[in-house]
Every structure is written in structure tokens, then in C-alpha cells.
There are 2 protein chains.
Amino acid sequence: MTKNRYRRDELLEIAIDLFASRGYVGTSIRDIAKAIDRSVSNVYHYFENKEELWLAILEYSVQGLPEKLRTVAHGEGEPMERFKNLLKLHLEESTRHQRETKIFFIDEERLSPKGKLINKRIQKEILDIYVEQLRLLQSHNLVRTKHLKILAFNVLATINWFLRWYDPEGDMSKEEIYDEIIDFVLHGMCKK
Amino acid sequence: MTKNRYRRDELLEIAIDLFASRGYVGTSIRDIAKAIDRSVSNVYHYFENKEELWLAILEYSVQGLPEKLRTVAHGEGEPMERFKNLLKLHLEESTRHQRETKIFFIDEERLSPKGKLINKRIQKEILDIYVEQLRLLQSHNLVRTKHLKILAFNVLATINWFLRWYDPEGDMSKEEIYDEIIDFVLHGMCKK
DNA sequence: ATAAAAATAGAACAGACGTTCTATAATTTT
DNA sequence: AAAATTATAGAACGTCTGTTCTATTTTTAT
């Protein structure tokens, strides 16, 4: 059985590429089939329908993110150190799955109720991780604001927006950029 | 002549609503016509085609933003004070045109070359304003980083992401949220 | 009041869409 | 070797798409 899971994953790869560059609605099953030089029915052989294909991509990549983040957040070390690790891992994972993560934020309104729910759930899970960690830092008197949720949104803003402008071909290394971003999140733009 | 510019703007309003909630590709001309209870041809009477409608929305709202931002940035007062004003105005304008600004960031890949160009130009104009202001602040030794462009991206991240989570029905006032965001941009999340 | 212009509707078109159906080739299991 | 399963293709479906065409009503200008 399931020998040719390989063929399925090829399909998935192409779909990720197309969805990431043209969006969910902007990519047709025919586009995907043509891009990999197979028939439309072949796509339907591996995936029940378009939305299941979309969800398979999420499962393939973004689905596991909250768990990974939680592991680091609940790991060892000082709270602030752990928070930095959390940011770092989040940035690394976002870069590693850049295309998929981009997909995750595009066209979410066009999904079926089921798809929307999954999307929202993952986003909520991630937000909660950050709020929880910020609350911990707050209890150590390390955080400036009272509105933790807004703060969490702002932190996530920086991480997620990064995907929109990051260009792997650019002349700065990933590590350099991560450090810049983490520094911004922690201390903002102003000197001292 | 042009007596019923009013009818055109009604159409524009509906289109903004639909585009903002369902995206460019996800909204058909028929959707728009149906939503305002007119015929499809009526839409075409006011707008040459779908993309021109899209561009009309940009013109109607986002187009003027760079100029407004520039005016404040080049205004009076200390550099840091002016920068805060810049952030404040940018947040205000984004809120005022929340739907349109959202449209501006959705589906940009699906536009024609012409549309893409306009989109990119406006985004570049705004980025340049920030880079310029940050350079000024840097020359006054008020900014911590050397990579101004990344810093500018991070600042814009916070502002633009705000549109994704801001809910006018929420229990915090706009002013409160603006202040939180500006504080985050300036000083980050850490105490001192 | 009449002519010109603007606003509207409705039908039609050709193409793209997601999906399904039927049939055949390739592979795996027995 | 035969049977069963999996992988593939191709045609067809009904629906939706952006757009155009023709015709009619309404408004404006003369």
C-alpha cells in the first residue's frame, strides 16, 4: 500500500508554490495539474477536493507549529531567555516554511467554515502562547505594558510581516535579520 | 454633466466592502451589482472593467496617503516628535480607511502589471518616507540600529498588522491602542 | 418641446471553474 | 498467471466568470 506517497507529495509541493504566489482563489486545480504535467483527475485521486488539498498543506507544515513553539516556551532557562528562544524558533520555522506560512495568511476568508475554523484555531493557539509568556514576564516585572494582548499582536506583527518582505536572495544573512527583529521586539527603535 | 457622481460612489462603497471581505478574485462584478441591486452593465457604465474599479478604490483612499504622511514628516517640531506624529497619522488614516487599506494588501499578486506597479509604487513611497525619517533620527543619534530598512519594515509591520486584528467594536478606544502601538514601536516590550 | 447624453436592464458569449464519470494503463497482491 | 488495487487520462457537467451588445428609460441641455 501507500507506496506512491511520493507522487502525492510532489503534487503538494507544486500546489504550495502556486497557492503561495497566486492565492487560493487565484489557483485552479487545472493550474496545478498543468504545472506538474498530470491530469485534473489525477489531482482528485490524491485529494478529495480543493479545500482538502489546502488543508493537507496546512497539516504538512503549519499545523505542528504551535506544539513546537510551546515546547520551547516551556523549556529551560530564565523567562526572558526562553522568550527570546521562542521568537528565534518562530522566525526560523516561518522562514523554513515561508511559502506555506504565507498561504496560511492569504485568502483565509474564502475557505469553507471548516477551513476557516482550522485557520483561526491555529492562529489563536499561537497568540495564546505569546500572551501566556508575556504574562509570565509581566509577573517578573520585565514587561512595560498592561495590555498583554495588544502587545502580543504587535510581537506577532513583526514576525508575520517579516514573511512579506524577506527575500532569501538578499544580502543580509537570516541570522542577522533575526537578531535585528528580536532586538526590535524587545527594545523598539529608540536608543536606551 | 457629472451630476450622478453620487451613483458612482455608491457603487464604489459597495465594492470596497466586498473586496475587503472577500478579496479581489473572490468578488465578482455580479456580486457587486447584486449587492447594490443594479445590473451588471450598470457597473460597466461607471467603470471600464474590474481592475479599473479596483484602481478607482485605491485612488479614492490609499493613493493620497504618502503625500499626507510626507506633510507631517516634514512638518514642525523636534525630529522625534515629528516621527511620533507620523506614526499617529498613519494609524489614524489606516483606521479611517480600514477596509480600503486592507484591500491594498490583499490579492496584489492577482492584479495586472499596471495594477501591480501602482501598488508597489505606493508601498515604496511609504517605505521611503520612513527610511528617510529614521535616517534623520539616526543622525541625531536617537536610533539604535544600523539597518534602517529592516527597522522601517518592522515599524510598518506593526502599523499594517494592526489592521488585521483591530475591531472597532472592541472595548479599547482607538487612542489607547494607538498609544500602545507607538510605545511598542519606540521602546519595544521590555521595561527600561 | 426636442435633441442629446447619461443611466439602466437584460440577454448573450466564450472561457474558466470545481467536480464527476467512464475507461484504460500500471502496479501490487494473491 | 489471475485478480485486485492503484494511478492515470480525457471527456463532460453545470455553474460562474469578465465582458459586450442591443435596447430602453431617464435625465439634462438646447
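Below, chain A is the first sequence line, B the second, and so on; all start at residue 1.
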Spacing of R7(B) atom CZ relative to dT26(D) atom P, expressed in whole Å: 13 Å
From the list dT8(D), dC13(C), dT8(C), which nucleotide is the closest neighbour of the side chain of Y46(B)? dT8(C)
Answer whether the closest heavy-atom distance between the side chains of M189(A) and R144(B) falls below 4.5 Å. no
Euclidean distance, atom CD1 of residue I29(B) to atom P of dC13(C) [Å, nearest integer]: 20 Å
Taking side-chain contact (heavy atoms from CB on, under 4.5 Å) as the test, write out the residues that go with E175(B), two or more places apart. K88(B), S173(B), Y178(B)
Under the 3.5 Å rule, do the base of dA9(D) and the side chain of S41(A) count as making a donor-acceptor pair? yes
Separation of atom OH in Y44(B) from atom C1' in dC21(D), rounded to whole Å: 13 Å
Whole-Å gap separating P (dA7(D)) and CG (N42(A)): 9 Å
Between R30(B) and dT19(D), does any side-chain N or O lie under 4.0 Å from OP1 or OP2? no
Applying side chain to side chain donor-acceptor pair (under 3.5 Å), name anything that partners E108(A), two or more places apart in sequence or on another chain. N119(A), Q123(A), R164(B)
Nearest-angstrom distance from the residue atom CG of L53(B) to C1' of dG18(D): 12 Å
Kindly state which residues belonging to residues 32-40 of chain A come within less than 4.0 angstrom of DNA chain D, counting heavy atoms of the residue only, listed by number. R38(A), S39(A)
Which residues within residues 12-26 of chain A lie with some heavy atom under 4.0 Å of an atom in DNA chain C? none
Using a strict heavy-atom distance below 4.0 Å, which residues from residues 109-120 of chain A are in contact with DNA chain C? none
Rounding to a whole Å, what distance do you find between E52(A):CD and dG18(C):C1'? 14 Å
Can a side chain N or O of S28(A) be found less than 4.0 Å away from OP1 or OP2 on dA16(C)? no
By the salt bridge (charged side-chain N to carboxylate O under 4.0 Å, His left out) test, which pairs, at least two apart or in different chains, include something from residues 33-47 of chain A? E10(A)-R38(A)
May I ask you to evaluate whether H45(B) reaches the phosphate of dA7(C), defined as a side-chain N or O under 4.0 Å from OP1 or OP2? yes
Under 4.0 Å from OP1 or OP2 of dA7(D): is there any side-chain N or O of R8(A) that close? no
What's the CG-C1' distance between D31(A) and dG18(C), to the nearest Å? 12 Å
Set of ring pair (Phe, Tyr, Trp, His ring centres under 6.0 Å) partners for F104(B), sequence neighbours left out: none
Return the set of residues passing salt bridge (charged side-chain N to carboxylate O under 4.0 Å, His left out) with K124(A) (not counting sequence neighbours), or none when no residue passes. D128(A)
Strictly below 4.0 Å, N to O, side chains only: are K114(A) and E52(A) in salt-bridge contact? yes
Can you run down the ring-ring contact (aromatic ring centres under 6.0 Å, His included) pairs that involve residues 56-78 of chain B, sequence neighbours left out, and say none if there aren't any? none
Interatomic distance where CH2 belongs to W54(A) and C1' belongs to dG18(C) [whole Å]: 16 Å
Salt bridge present between E125(B) and K120(B) (N-O < 4.0 angstrom): no
Could you list the residues that satisfy salt bridge (charged side-chain N to carboxylate O under 4.0 Å, His left out) with E67(B), not counting sequence neighbours? R70(B)
What residues, two or more places apart in sequence or in another chain, satisfy ring pair (Phe, Tyr, Trp, His ring centres under 6.0 Å) together with F105(A)? W161(B)
Residues at least two apart in sequence or cross-chain that pass side-chain contact (heavy atoms from CB on, under 4.5 Å) with R8(B), listed by chain then number, are R5(B), L12(B), Y46(B), F47(B), A56(B)
